[in-house]
Amino acid sequence: MGFIISIITIFFLLAVSLVKSEHKATLAVLGTICSAAASSWDAIWVLSGNIYEEAINGGLVFGNITLRSDGLSAWFILLTNFTAITAILYGKQYLKHYQSSSASLTLHFGSYLLNHFALTGIYFIQNALAFLCLWEIMALSVFIMVIFEHGRMETLKAGINYLIQSHISIIFLTLGFIWVYTSTGSFEFSAIRDYCFAAGKEPSLLLFLVFFIGFAIKAGFVPFHTWLPHAHPAAPSHVSGLMSGVIIKSGIYGILRMLLLMPENHLVIGYLILLISIVSSVYGVLLATIQHNMKRLLAYHSIENIGIIGIGIGVGAIGSGLHMPYLALAGYTGALLHSLNHSLFKSLLFFTSGTVYTATHTLSIDRLGGLIRRMPHTSLLFLLAALAICGLPPFNGFISEFLIYSGLFNAIGSGQTSSVVVLAVVALALTGGLALMCFTKAFGIIFLGVNRTGKITLIHEAGPAMLFPKYLTASLIVAIGLLPQLFIGILQNPAGLFTSTGVSPEYASLVSLMQKVSLALTGLVLLILLLYLVRKTAMRRRDLVTGPTWGCGYKNSSPRLQYTASSFVRPFAVLVKPWITMSRTKAEIRTIIPQPLHDETHFYDKLENTLVDWPVRNLKGFLGKFKFLQNGSVQFYVLYGVVFIAISIAIPLIINVIQYLSHLIKQL
Amino acid sequence: MRVLSLVLILLTSLFFTGIIIRTKSILSGRKGPGIMQPMKDILRSLRKSSVFSETTSLIFQLAPTVYLATILMAILFIPFGNDKGVISFNGDFVFFAYVLALGKFFMIIAALDTGSSFEGMGASREALYSMLVEPAFFILMGSFALLTGYTSFAGIFGALHFGSYISYGIGILASFVFITIALIENSRLPVDDPKTHLELTMVHEVMILDNSGFDLGLILYATNLKFAMYGAIIANFFLTPGYEWYYSIPIFTAVQLVFAVIVGTIESFSARFRMNHNPQFILMFTSISLLIFLGVLLMTGKII
């Protein structure tokens with residue numbers, strides 16, 4: 001299998017670089033679909049109850065590389081493949097304007113294929129060394145995709161920020177794998193399990209923490225999240241969708257894989273992940289709510305959703321630690337399903353905001369408005385994804401959040417878990433409320449009302465080729481929402497890995513619960529339709545009058561009088577002021593006849609300020625003191641060399657002298 | 001008998017606002033309108049034709065329907081003493097809260113759909129308050145889950161019983177929190193004044209400024225239903241299991257009546273808070289529900 005996918009990738013990589021620039025995108029689509037088909041075939045086979053295992057000879061360096069996929073790998077491969085295909089289908093249309101720059105396109109589509117290959121590989125490979133290589137390929141290919149518009153300074157900066165932070169993640173992973181290697185002498189993943197059995201509880205907990213930090217940076221848990229809100233807005237929209245939907249999930253996969261490999265300490269780990277996730281979800285959504293930039297807002301929501309997934313993992317780990325199978329199943333199933341769900345609605349949100357960007361050339365929410373008239377499809381899709389991300393019924397986000405809630409309340413009801421669990425309930429409820437606020441703002445200000453710039457006639461709806469991948473994603477969102485029991489059935493295999501019991505009565509109860517939920521959701525949809533029908537028949541014979549919006553007596557209303565995104569969240573921003581950094585430049589009216597004024601408010605992440613910016617600034621200040629050394633004249637550099645040689649000769653000499661002298665003094 | 005609570009709530013909703021208004025008029029020494037007057041107003045609205053703003057889109061026409069549908073859906077979950085609601089499963093109160101949030105979502109975007117800054121203001125406030133009130137409800141339900149070991153409305157209310165002094169305290173506190181949640185969710189005093197005439201100080205009323213005719217009727221009726229629904233939840237605290245229906249139906253009616261009178265009394269004797277004090281007021285209930293949770297922890301001795 002690994003061989004076939006490698007051949008496909010290499011073939012299409014060559015093909016993409018050789019053909020003319022207008023065909024590159026088509027080839028990238030073909031390549032992604034082919035390699036996705038190959039790995040999906042395998043994944044479906046695995047999910048139906050088989051286990052795939054293969055060993056390939058990696059030569060002298062790697063030794064034998066085991067390729068193995070179980071339910072967990074298969075689930076992540078499937079969710080990766082779906083979004084990878086929709087993203088490239090969308091990206092093909094999105095990048096149509098850039099056909100003149102052939103080299104960047106080659107680089108972009110080449111890294112797209114390579115990235116897909118690396119992602120698939122990560123889920124297959126059970127050898128630490130090969131895993132790290134693929135992890136690095138993934139990091140680099142994403143970096144190249146992010147800096148597609150490398151002409152802009154911000155994009156480059158965001159890209160480099162990402163590159164550095166993902167290498168910090170790699171350092172931690174390498175550290176963990178070397179730790180295992182030094183005590184077991186093997187790079188196989190199974191060695192981690194052997195090590196944990198041999199070393200006992202405390203060292204294996206420490207080892208888990210090292211891995212956790214490595215994977216958490218990739219996933220974007222607070223406080224390792226700072227690269228995320230920079231990289232997502234900088235990348236082209238399809239790449240943002242792919243990053244947010246799929247690539248950060250590789251971190252989640254890593255954490256889950258490590259949990260599988262380290263059966264000890266699950267209770268402690270569960271509480272730890274739960275606490276970090278509570279912070280992540282609330283902090284992420286808090287910052288998301290106050291953003292004005294559409295894609296940055298979505299990026300912060302990724303942190304929130306990773307937090308929700310983390311709460312699910314935490315509940316699951318607590319469940320497996322306490323040997324409560326229902327808890328473990330609800331938690332892990334919720335986390336795995338939310339990983340899929342998030343990849344769907346988040347990629348859809350990024351795709352639609354990309355479409356809005358191509359139509360209006362701005363990402364600033366406050367400059368938009370009234371788009372629903374010109375872009376009905378995009379608006380509908382955005383609304384659907386917004387409802388799903390808020391976890392509202394009858395869409396998919398609700399199902400996974402419901403599962404996690406169900407696990408949490410079950411934990412509380414059992415009375416065996418710590419009362420910390422109730423904090424997770426509070427966090428989920430708050431997150432839901434804040435997400436509602438955030439997305440009513442985003443949808444309401446971007447798509448409803450009147451356009452704020454007045455250039456509405458220049459805006460056009462995207463073509464059917466661009467809408468197709470979005471509708472594909474949307475249909476899956478609705479399908480999971482209305483028929484959750486099917487998807488829960490598929491998840492039986494991956495979630496069952498975490499509980500030793502396998503197919504259990506708890507699973508059956510979960511499925512029957514989902515059947516009831518599905519029935520209730522269908523009922524809700526029917527009720528809405530029925531009421532709408534009643535309304536329609538009641539309204540049929542009435543004469544409907546249209547008029548201007550009631551301005552409370554004021555006649556000369558202009559689009560600029562509308563509520564903006566900033567004014568919408570102002571009461572909230574005032575409330576959370578202690579937790580954010582707000583910079584505001586305020587112009588005051590000075591003359592009798594007021595001139596046009598410019599007033600700007602920016603919100604900044606306080607945590608990023610203290611954890612990243614402050615140390616970097618200080619380090620820069622300290623290192624800046626040595627700038628005089630690098631003065632550019634060759635004579636000085638030669639002098640440095642001479643001084644270095646002199647010192648390296650002198651130091652042993654001096655030490656000898658001191659030793660001699662001390663010897664002398666002792667003798668005296 | 002699963003439909004009993006649905007039927008009773010629908011019946012109560014016809015009188016609820018009328019009783020509030022009647023209480024207010026008696027307390028202020030006026031004669032006041034009849035108890036059925038709000039329903040008559042709603043019927044009149046339903047028969048009228050509508051004026052739609054040119055700015056609005058389909059969202060604006062869809063929202064009132066969705067709002068009413070979500071509340072009807074939520075009512076289906078409310079049990080009646082021992083009898084389950086029409087729909088009941090583990091964790092149904094999560095569904096209950098989220099389905100109500102769906103209706104709110106649509107009302108908020110419908111307000112933004114008009115492009116009016118007044119309605120935007122109302123939408124912003126509504127979003128903030130409903131966000132703040134959410135945790136209180138969930139902590140409360142969590143406390144009951146801990147107390148009874150059940151995770152559904154029917155299970156919790158079926159198993160709820162008053163044994164010790166702490167449990168009485170918890171029951172009273174919980175009813176108190178639920179009454180306030182109902183007041184906040186229905187945009188009544190002291191958070192919002194439905195009778196205010198200044199758009200700048202409105203929350204819910206300003207959001208529906210542009211709704212007229214049939215849609216306005218739907219929204220007004222939805223408000224009545226919402227009141228009756230919260231009243232039914234509070235009544236469930238007092239419908240101790242084992243009672244026959246000829247006891248429980250009078251208890252239900254009495255609780256709803258007392259609830260309406262309490263709302264009327266609060267509205268007669270208190271003034272609306274300043275807007276910026278509302279968040280503190282609402283957050284207070286999160287802490288009260290945390291207190292309840294702690295109380296339950298003490299009672300069950302499950303502090304870990």
Side-chain angles (χ1 to χ4, degrees), chain A residues 372-373 387 390-393 398 402 405-406 409-410 412-413 415 417-419 422 425-426 429-430 432-434 436-437 440 443-445 448-450 513 516-517 520 523-524 527-528 531-532 535 538-539 542-552 561-563 567-572 575, chain B residues 49-55 57 59 62 65-66 68-69 72-73 87 89-91 94-95 98-99 101-102 104-105 108-109 112-118 120-121 123-125 127-128 130-132 134-135 138-139 142 145-146 149-151 199 209-210 213-214 218 279 293 297 300 302-304:
Chain A
I372 195 168
R373 291 168 183 283
L387 288 169
C390 292
L392 294 175
F398 173 72
F402 181 84
Y405 267 120
S406 154
F409 279 113
N410 213 278
I412 294 173
T417 54
S418 155
S419 18
V422 83
V425 173
V426 176
L430 255 183
L434 277 170
L436 187 132
M437 185 170 191
T440 46
F443 182 74
I445 307 288
L448 303 177
V450 188
L513 177 63
K516 286 178 197 161
V517 172
L524 173 68
L527 192 63
I528 292 173
L531 275 179
Y532 196 68
R535 177 186 180 274
M539 299 284 267
R542 318 253 171 96
D543 37 329
L544 301 178
V545 189
T546 53
T549 299
W550 170 238
C552 304
L561 272 181
Q562 287 177 93
Y563 236 47
S567 38
F568 189 81
V569 294
R570 208 195 96 84
F572 174 71
L575 206 65
Chain B
S49 63
S50 312
V51 182
F52 289 107
S53 159
E54 290 144 356
T55 342
S57 59
I59 303 286
L62 193 65
T65 321
V66 175
L68 183 65
L72 280 174
M73 190 71 201
I87 309 170
F89 46 79
N90 283 340
V94 178
F95 199 115
Y98 273 71
V99 92
L102 176 71
K104 245 179 258 164
F105 188 105
I108 292 169
I109 57 173
L112 289 172
D113 200 9
T114 60
S116 146
S117 44
F118 290 111
M121 200 181 295
S124 153
R125 287 167 186 167
L128 180 67
S130 56
M131 181 270 289
L132 291 174
E134 208 105 308
F138 277 103
I139 298 172
L146 180 63
Y150 287 97
T151 53
E199 289 86 352
L209 270 186
D210 262 275
F214 194 83
L218 289 185
F293 186 76
L297 276 179
T300 49
K302 281 172 185 163
I303 295 187
I304 305 174

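Just so it is clear: chains get the letters A, B, ... in the order the sequence lines come, proteins before strands, and each one is counted from 1.
- The line from CE of B:M131 to OG1 of A:T440 is 10.5 Å long, rounded to the nearest 0.5 Å.
- Residues forming a side chain to side chain contact (heavy atoms under 4.5 Å, CB included) with B:L62 (at least two apart in sequence, or on another chain): A:Y532, B:V66, B:F106.
- Using a 4.5 Å cut-off between heavy atoms, A:L531 touches chain B through backbone and side chain atoms alike.
- For B:F118, the part lying near chain A is the side chain, with the backbone staying farther off; criterion is any non-hydrogen pair under 4.5 Å.
- Contact count versus chain B (heavy atoms, under 4.5 Å) is highest, among A:R373, A:R535, A:K516, for A:R535.
- Only the backbone of A:S567 has a heavy atom closer than 4.5 Å to any heavy atom of chain B.
- Aromatic pair A:F402/B:Y98: centroids not less than 6.0 angstrom apart.
- Looking at A:F443, only its side chain comes within 4.5 Å of chain B, counting heavy atoms on both sides.
- Of the two parts of A:R570, neither the backbone nor the side chain holds a non-hydrogen atom closer than 4.5 Å to a non-hydrogen atom of chain B.
- At least one donor-acceptor pair closer than 3.5 Å links the side chain of A:T549 to the backbone N or O of B:T114.
- Closest non-hydrogen pair, B:S57 versus A:L448, comes out as OG-CD2, 3.8 Å.
- Only the side chain of A:I372 has a heavy atom closer than 4.5 Å to any heavy atom of chain B.
- For chain B, the nearby parts of A:M437 are the backbone and the side chain; heavy atoms of each come within less than 4.5 Å.
- A:L430 has its side chain out of reach of B:E134: every pair of non-hydrogen atoms, C-beta onward, lies at least 4.5 Å apart.
- A:P548 approaches B:S53 most closely through the heavy-atom pair C-OG, 4.1 Å.
- Chain B forms more heavy-atom pairs under 4.5 Å with one residue of A:I445, A:L434, A:V450, A:N410 than with any other, namely A:L434.
- Residue B:I87 touches chain A through its side chain alone, counting heavy-atom pairs closer than 4.5 Å.
- Residue B:L68 touches chain A through both its backbone and its side chain, counting heavy-atom pairs closer than 4.5 Å.
- Counting heavy-atom pairs under 4.5 Å between each of B:F105, B:F293, B:F214 and chain A puts B:F105 at the top.
- When all heavy atoms of A:Y563 and B:S117 are compared, the closest pair comes out as CD1-O, 3.4 Å.
- Taking CG of A:L513 as the reference point, atom OG1 of B:T151 lies at 8.5 Å (rounded to 0.5 Å).
- Nearest heavy-atom pair, B:L112 versus A:G444, reported as atom, atom and distance to 0.1 Å: CD1-CA, 3.6 Å.
- Interface check for chain B: of the options A:G391, A:G547, A:C390, the most heavy-atom pairs under 4.5 Å are formed by A:G547.
- Residues satisfying the side chain to side chain contact (heavy atoms under 4.5 Å, CB included) criterion with A:P571, sequence neighbours excluded, are B:S124, B:L128.
- The candidate from B:V99, B:L218, B:I139 with the greatest count of non-hydrogen atom pairs under 4.5 Å with chain A is B:V99.
- Chosen from B:P279, B:A127, B:S49, B:G149, the residue pairing most often with chain A at heavy-atom distances under 4.5 Å is B:S49.
- When side chains are defined from C-beta on, B:I108 counts as touching A:L436, because their heavy atoms get closer than 4.5 Å.
- If you tally non-hydrogen atom pairs under 4.5 Å between each of B:S130, B:G142, B:G213 and chain A, the highest count goes to B:G142.
- Interface residue B:D210: only side-chain heavy atoms are found under 4.5 Å from chain A.
- For the pair B:L102 and A:F398, the minimum side-chain heavy-atom distance is 4.5 Å or more.
- Of the listed residues B:V51, B:D113, B:N90, B:L132, the one with more heavy-atom pairs under 4.5 angstrom with chain A than any other is B:D113.
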